[in-house]
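These notes concern the structure reproduced below.
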Protein chains: 2
Amino acid sequence: MNKPLPDLILKNVARHITMNQEETACFVSFLKPLTVPKKEFIQKEGQLCRYINFVHSGTLRAYYTDKTGRESTIMFAVTDWWITDMFCFINQQPAMLTIEAVEESSIFQLQKNDMETLYLKVPKLERFFRIIFQNAYVREQLRVIQGLSLSAEERYDIFLAKYPQVVRQVTQKQIASYLGITPEFLSMIRGNKRKK
Amino acid sequence: MNKPLPDLILKNVARHITMNQEETACFVSFLKPLTVPKKEFIQKEGQLCRYINFVHSGTLRAYYTDKTGRESTIMFAVTDWWITDMFCFINQQPAMLTIEAVEESSIFQLQKNDMETLYLKVPKLERFFRIIFQNAYVREQLRVIQGLSLSAEERYDIFLAKYPQVVRQVTQKQIASYLGITPEFLSMIRGNKRKK
DNA sequence: GGAAAGAAATAAGGTAGTTTAAGAACGTAT
DNA sequence: ATACGTTCTTAAACTACCTTATTTCTTTCC
């Protein structure tokens with residue numbers, strides 16, 4: 001289980017800002033590489049949410065568990081994505097979400113106070129995360145719109161079109177919990193499609 | 001219909017960053033003040049989404065209209081909030097959302113290219129909007145979680161508790177469209193509550 | 001390679017939320 | 001004050017989606 005190299009995360013950053021060698025070194029020095037086996041957790045509900053995570057390889061899933069034990073998948077993160085329980089990360093609170101590796105994954109972790117330090121030492125990163133969070137906001141807003149205005153089948157179609165890599169790697173139970181329906185109902189939707 | 005003064009928006013900015021006089025002047029120079037009468041639009045679906053808007057006073061509502069004509073309220077914005085169709089603003093596309101003044105409102109508008117100019121002239125604003133978008137992302141993520149895991153009645157209770165000022169100013173039809181239910185069903189929920 | 005566990009399909013009965021329609025209450029303009 | 005449009009309420013019939021249960025298919029692992 002070897003540790004990931006920071007090449008991919010640096011490319012991710014370079015897509016929006018240009019750091020010099022010193023800044024790059026500083027940034028990398030705060031990253032904690034970690035390899036997570038399939039089905040293991042990088043965060044559990046109730047534990048302090050310490051990290052924001054960059055996915056170097058693999059697939060992670062963040063989900064909420066309600067009082068009755070039902071899971072709602074909040075997001076899937078594949079290679080080149082950032083994932084955390086933002087609310088609890090920012091406020092350094094016990095997490096509402098559990099984050100699990102859907103398959104063996106390598107990630108880089110960044111701690112809240114290290115992130116604050118980085119903002120001061122490398123102010124360009126304000127721009128970088130401004131863009132990251134701006135995009136994240138847009139994604140969530142689109143998801144809210146779709147949740148309010150579309151049927152389960154329409155949401156499923158959009159999911160298939162938008163996240164084909166994810167579809168191959170996760171179970172239908174997990175897709176159903178992302179769409180806000182039961183696995184049985186998703187199975188029915190798929191059955192109906194096959195007949196057409 | 002007098003134009004708003006930028007005192008409130010400067011306070012809003014000062015909550016997260018400190019600008020000197022020159023920076024403040026530069027920032028203010030890009031703001032377009034506007035007063036919108038009740039029931040008028042600052043943006044219509046299909047028109048290029050030019051502006052991000054700060055609410056100086058009043059209440060605005062952003063909504064999506066589907067093919068069947070049904071409206072879904074994406075957000076309400078009261079005094080001291082920012083509102084736009086983020087996806088279309090960022091990509092400078094025709095808007096998906098319509099933004100309407102629920103009551104007479106005064107706003108400040110900031111154009112996309114002016115915002116980009118500001119990021120270069122006053123880099124601190126990267127930090128400011130990083131925090132604004134971070135918070136916006138958190139809000140939308142919480143809304144997704146609630147949409148997936150809670151019943152209509154539970155979502156209504158949370159709305160009442162979280163946005164009491166909004167509740168007083170908008171119709172139940174609008175609240176229902178924010179919650180993702182019909183006004184008739186919301187009326188029934190309220191009826192049931194009254195009996196308890 | 002076979003047993004056990006987990007994932008998906010199918011189907012019957014149930015419920016949360018919708019649709020349609022009609023009447024009551026409210027606001028606002030003449 | 002009266003009238004008109006809009007918002008809110010109520011209720012009955014309907015539908016999208018859920019629950020529970022059974023069967024089949026797939027994966028995992030000793």
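Here is how names work: the chains are called A, B, and so on, in the same order as the sequence lines, proteins then strands, and each is numbered from 1.
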Given [options], identify the nucleotide with an atom nearest to the side chain of [X].
X        : options                : result
A:Phe185 : C:dA9, D:dC18, D:dA11  : D:dC18
B:Ile181 : C:dT19, C:dT18, D:dC8  : C:dT18
A:Arg194 : D:dC17, C:dT10, C:dG17 : C:dT10
A:Ser151 : D:dC17, C:dA16, C:dA9  : D:dC17
A:Thr171 : D:dC8, D:dA21, C:dA7   : C:dA7
A:Gln172 : C:dA8, C:dT18, D:dC17  : C:dA8

Whole-Å gap separating [atom2] ([N]) and [atom1] ([X]):
X        : N      : atom1 : atom2 : result
A:Met188 : C:dA12 : CE    : P     : 13 Å
B:Tyr156 : D:dC8  : OH    : C1'   : 12 Å
A:Lys38  : C:dG6  : NZ    : P     : 13 Å
A:Glu184 : D:dT23 : CD    : C1'   : 14 Å
A:Ile175 : C:dA9  : CD1   : P     : 11 Å
A:Asn192 : C:dT10 : CG    : C1'   : 12 Å
B:Leu186 : D:dT9  : CG    : C1'   : 11 Å
A:Ile189 : D:dC17 : CD1   : C1'   : 9 Å

For this session: Nearest-nucleotide wise, let me know which of B:Lys173 and A:Arg155 is further upstream toward the 5' end of DNA chain D.
Result: B:Lys173
Exercise. OP1 or OP2 of C:dA9 sitting under 4.0 Å from any side-chain N/O of A:Arg190?
Worked result: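 Answer yes for this pair, as a side-chain N or O of A:Arg190 is under 4.0 Å from OP1 or OP2.
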Exercise. For A:Thr182, which contact category applies under a 4.0 Å heavy-atom criterion: base, sugar-phosphate, or nothing?
Worked result: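 Base, at least one base heavy atom under 4.0 Å.
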For this session: Describe, in one word, how the ring planes of B:Phe129 and B:Tyr119 are oriented to each other, choosing from parallel (under 30°), tilted (30 to 60°) and perpendicular (over 60°).
Result: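 It falls in the perpendicular class, over 60°.
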For this session: Over 60° means perpendicular and under 30° means parallel, so classify the ring planes of B:Phe76 and B:Phe159, tilted if in between.
Result: tilted
Exercise. Got B:Phe133 and A:Ile132 here, is their nearest side-chain heavy-atom distance under 4.5 Å?
Worked result: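 The answer is no; the side chains never approach within 4.5 Å.
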Exercise. Is there a side-chain contact between B:Asp7 and B:His56 (heavy atoms, below 4.5 Å)?
Worked result: yes
For this session: Could you go through the side chain to side chain contact (heavy atoms under 4.5 Å, CB included) check for B:Leu34 and B:Phe108 one step at a time?
Result: CA-CA 6 Å; B:Leu34 182 65; B:Phe108 287 101; over 6 Å; no
